[in-house]
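Worksheet for the structure shown next.
Numbering of ligands and ligand atoms starts at 1, following listing order.
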Amino acid sequence: MMPKVTPAVVILGNNSIPVARKIISVLPGAQLYGLAGRTSNVDISFTEFGTTLRELFASGTPIIGICATGIIIRTLAPLLANKRQEPPVLAVAEDGSAVVPLLGGLNGVNSLARQIANVLGVKPAITTTGDIRFGIALEDPPAGYRLANPEHAKSFMSDLLAGNSVRLEGHAPWLRNSSLPIAEDAERVIQITEKQVVSTPTRLVYHPATIAIGVRCTLPPPRKRGGVPDRAGWGSEEIALVQQMLADAELTPASVAGIFASTLDAANPALQAIADALNVPIRFFTTDEIAAISQNQTTDVAVTAALAASSGELVIQRELSHLSCAIAIAPQPIDVSTRGKPRGRLAIIGTGPGASDWMSPEVKEILRNATDLVGYSTYLGLLGSLTKGKQQHESDNREEIARARMALDLAAEGHFVAVVSSGDPGIYAMAAAVFEVLDQDAKPEWQGIEIQVAPGISAMQAAAARIGAPLGHDFCAISLSDILKPWSIIEQRITAAAKADFVLAFYNPVSKQRTWQLAEAKNILLNYRDPDTPVVLARNLGRDGESIQVCTLEHLAPELADMRTVILVGSSKTRTIQRCDGSFWVYTPRRYEEDKSV
Ligand code: SAH
């Protein structure tokens with residue numbers, strides 16, 4: 001079986017990048033690790049090869065080292081204690097001419113080697129005898145089958161290699177069509193079954209992923225603890241029912257392919273709890289699909305879902321007050337990716353002000369996994385290779401509500417949508433737009449979407465970091481754009497902030513059409529602040545053409561700024577320190593003593 005954790009492709013120099021990229025093209029989500037100073041444009045840059053490799057190995061991450069086998073072997077040698085827990089480890093020649101599986105025979109190294117060799121157009125250096133002689137690896141069955149007794153696989157294979165034959169009980173074309181020495185009267189047995197059976201050294205048991213569990217579960221009324229819904233313990237009753245039903249039907253949980261339900265129940269935490277307990281995915285059918293399948297008869301949704309997922313036979317069904325559960329068995333393993341859809345996900349992410357250095361690992365992870373990106377074309381353009389292979393829904397910067405609605409609709413169809421904002425998504429950006437739409441429209445099909453906001457570094461933080469610590473004490477942010485709010489409000493806020501002696505961060509200070517607002521803001525501030533108050537103008541932070549300028553309030557002028565500038569205006573305490581090159585640090589001290597002289 002292929003490992004679930006996404007692999008790490010490790011390189012020591014830029015020469016390996018073409019081969020690394022080819023490998024990553026067939027391993028979606030794989031991360032490129034590169035030695036600092038020798039590689040560029042990698043996902044993760046490391047300085048200590050040994051420590052990095054050992055950490056990856058210890059965390060069970062499949063490792064593809066584009067380097068000599070010897071260096072991998074020597075690095076990992078001290079950790080080679082438990083064969084069963086080894087992730088796959090492979091060495092690939094820098095020119096892509098050799099793919100050598102080294103470790104992780106029980107965890108899919110040979111299939112990984114075949115996959116990589118295939119994209120590189122070479123033959124993998126597979127050395128496992130069973131693999132070569134019979135064309136299969138008993139320890140590493142194809143997707144859809146789980147080996148119940150891997151501890152017996154090696155000696156079983158040795159027996160077959162020594163001349164013994166084997167009888168097949170049950171249905172598995174990959175075994176039937178292999179070169180295994182199959183004989184009806186053989187003593188050794190390979191059994192394929194979804195039943196709970198005893199496995200022995202002479203009886204290998206594979207559990208096919210043929211069981212579909214359909215669940216309909218209405219959400220219990222939220223139990224509240226201090227105003228916050230208490231999610232602890234949700235699902236325990238439902239998990240117990242499913243386990244009891246499997247036991248009563250003498251079925252093994254190892255054969256469960258997935259949980260299947262209606263999209264209307266998608267947000268129900270009990271469903272996720274059942275899936276987590278069985279370690280299987282959940283897939284959803286829309287209400288239209290369910291109606292079509294049940295031909296509009298009043299069949300239970302759980303039964304309909306189980307039958308639709310399995311195209312098989314109903315085995316058992318039970319109901320509790322809020323819960324109905326049905327188990328059906330398919331004639332062959334169920335490929336869950338072809339049945340129903342996953343729960344839709346909408347991640348509203350902030351990519352930081354500029355390039356990837358200021359992007360959080362969480363945001364990078366979301367970008368790697370999302371299927372669809374929604375955003376202003378300039379921001380999507382800044383993401384470069386991170387957008388590769390994804391459906392892009394670009395739009396004009398002003399159509400925020402339309403964009404939010406489109407993102408929710410896409411997610412409701414089962415896509416994993418990332419709505420991309422620059423800076424922080426919650427600061428003058430898309431997160432609030434999504435919640436506005438959600439609040440106003442509340443379409444039923446949006447209820448099941450899993451929504452997540454992933455923060456980013458906002459322009460004011462980046463500007464502050466570049467120039468020192470101007471936001472070191474209380475501050476506020478004001479957008480000078482009067483598109484979404486009247487100027488009278490902006491005016492009031494600047495006055496209030498000036499009176500309260502906040503440091504101010506001005507977003508959207510000017511645009512081509514709007515220049516008078518900044519001049520007006522300056523005039524208001526001059527009523528309360530010294531003309532010498534330090535002002536920071538930071539433009540294109542983290543991007544090409546970045547510039548940071550310090551001036552005094554008196555000299556602040558609309559010509560110094562544009563729509564890619566954020567402006568920080570100091571409080572009465574904000575100070576500057578001259579650096580040896582003549583430029584300034586700007587900071588606001590943390591202590592704020594009352595001015596007793598007034
Ligand atoms: N969500 C963004 C803000 C979007 S509003 C954030 O948290 O940063 C757009 C305004 O943000 C711009 O007019 C400018 O004032 C500021 N801004 C965004 N990116 C910037 C950058 N790279 N450099 C300077 N200012 C930036």
State, to 0.1 Å, how close [X] and [Y] come at their nearest heavy-atom pair, and which atoms those are.
X: Ala347; Y: Ile366; result: CB-CG2, 3.6 Å
X: Gly375; Y: Leu380; result: O-CD1, 3.8 Å
X: Ala462; Y: Pro353; result: CB-CG, 3.4 Å
X: Arg529; Y: Gly570; result: NH1-O, 2.6 Å

Students should be able to answer this: which protein heavy-atom is nearest to [atom], and at what distance?
atom: atom 3 (C) of ligand 1; result: Ile427 O, 3.6 Å
atom: atom 11 (O) of ligand 1; result: Tyr507 CD2, 3.3 Å
atom: atom 24 (C) of ligand 1; result: Arg564 O, 3.0 Å
atom: atom 6 (C) of ligand 1; result: Ser458 OG, 3.3 Å
atom: atom 13 (O) of ligand 1; result: Met563 O, 2.6 Å
atom: atom 4 (C) of ligand 1; result: Tyr428 O, 3.5 Å
atom: atom 14 (C) of ligand 1; result: Thr565 O, 3.3 Å
atom: atom 9 (C) of ligand 1; result: Asn508 OD1, 3.4 Å

Check: of Ser422, Ala429, Ala505, Ala459, min heavy-atom distance to atom 2 (C) of ligand 1 comes from Ser422

Can an N or O of [X] be found at a distance shorter than 3.5 Å from an N or O of ligand 1?
X: Pro353; value: yes
X: Leu541; value: yes
X: Pro509; value: no

Do Val215 and Ile282 have side-chain heavy atoms sitting under 4.5 Å apart? no

Centroid-centroid under 6.0 Å between Tyr428 and Tyr507 rings: yes

Is it the case that the side chains of [Y] and [X] hold a donor-acceptor pair, with the cut-off being a distance below 3.5 Å and no angle test?
X: Trp446; Y: Asp409; answer: yes
X: Asp532; Y: Thr552; answer: no
X: Glu362; Y: Gln452; answer: yes

Does ligand 1 have any atom sitting under 4.0 Å from a heavy atom of Ala538? yes

Any atom of ligand 1 sitting under 4.0 Å from a heavy atom of Gly542? no

Show your working on side-chain contact (heavy atoms from CB on, under 4.5 Å) between Thr495 and Tyr528 and close with a plain yes or no. CA-CA 8 Å; Thr495 309; Tyr528 305 92; 3.3 Å; yes

Output the list of atoms in ligand 1 that are nearer than 4.0 Å to some heavy atom of Asp424, sorted by atom number. 1 (N), 6 (C), 7 (O)

Any atoms of ligand 1 less than 4.0 Å from a non-hydrogen atom of Asn540? List them with their elements. 22 (N), 23 (N), 24 (C)

Side chain, backbone, both or neither: which applies to Arg543 and ligand 1 if a contact is any heavy-atom pair less than 4.0 Å apart? side chain

Determine the interplanar angle of the Tyr33 and Phe46 rings, folded into 0 to 90°, and report it as parallel if under 30°, tilted if 30 to 60°, perpendicular if over 60°. tilted

